[in-house]
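Down below is the structure, laid out as structure tokens.
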Amino acid sequence: MWRKVENKGEKQTMIDWARSKLPAEGFTALAKVGKIEDTAEYLIISFPNDFPSDVVELAQRRIDRENRIQDQGGLS
């Protein structure tokens with residue numbers, strides 16, 4: 001992961017994570033402990049003017065999906 005950040009930069013890495021079909025390991029780990037606000041996706045939706053609109057939408061969808069899972073008691 002850190003090599004990707006080093007090669008592409010923080011912003012592009014966050015964009016790539018948001019556009020990926022599956023959430024990054026860090027997103028999943030932080031979501032499990034109730035720390036969505038520490039994810040790249042949360043940062044993206046907090047500063048929507050700094051990211052492409054599709055990335056903001058994808059980040060919001062991922063967070064919404066995770067919130068629905070948590071509201072239903074998590075994955076079994």
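Side-chain contact between I15 and Q12: present, with at least one pair of heavy atoms (C-beta onward) separated by less than 4.5 Å. Counting heavy atoms from C-beta outward, L43 and T39 have side chains that stay 4.5 Å or more apart. Counting heavy atoms from C-beta on, the side chains of E37 and K35 come closer than 4.5 Å.
The cluster map of Ile, Leu, Val, Met, Phe, Trp and Tyr, joined by side-chain heavy atoms under 4.5 Å apart, puts I36 and V33 in different clusters. L58 and V56 fall into different hydrophobic clusters, where Ile, Leu, Val, Met, Phe, Trp and Tyr side chains are chained together by heavy-atom contacts under 4.5 Å.
Across I45 and P48, no two heavy atoms sit closer than the pair O-CD, 3.4 Å.
Applying the salt bridge (charged side-chain N to carboxylate O under 4.0 Å, His left out) rule to R61 yields the partners E57; only residues at least two apart in sequence or on another chain are considered.
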What verdict does the side-chain contact (heavy atoms from CB on, under 4.5 Å) test give for E66 and I63, after you've listed the backbone C-alpha separation in whole Å, the side-chain angles of each residue and the deciding distance to 0.1 Å?
CA-CA 5 Å; E66 183 59 36; I63 288 172; 5.7 Å; no

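In this structure, CE in M14 is found 14.5 Å from OH in Y42, a value given to the nearest 0.5 Å. In this structure, CG on N67 lies 11.0 Å from CD on Q72, to the nearest 0.5 angstrom.
Panel note: side chain K11, backbone D50; a donor-acceptor pair is recorded below 3.5 Å.
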Which donor-acceptor pairs under 3.5 Å do side chains of residues 19-27 form with protein atoms, sequence neighbours excluded?
| from | atom 1 | to | atom 2 | distance (Å) |
| --- | --- | --- | --- | --- |
| R19 | NE | D54 | OD2 | 3.0 |
| R19 | NH2 | D54 | OD1 | 3.0 |
| R19 | NH2 | D54 | OD2 | 3.3 |
| S20 | OG | W17 | O | 2.8 |
| S20 | OG | L22 | O | 2.6 |

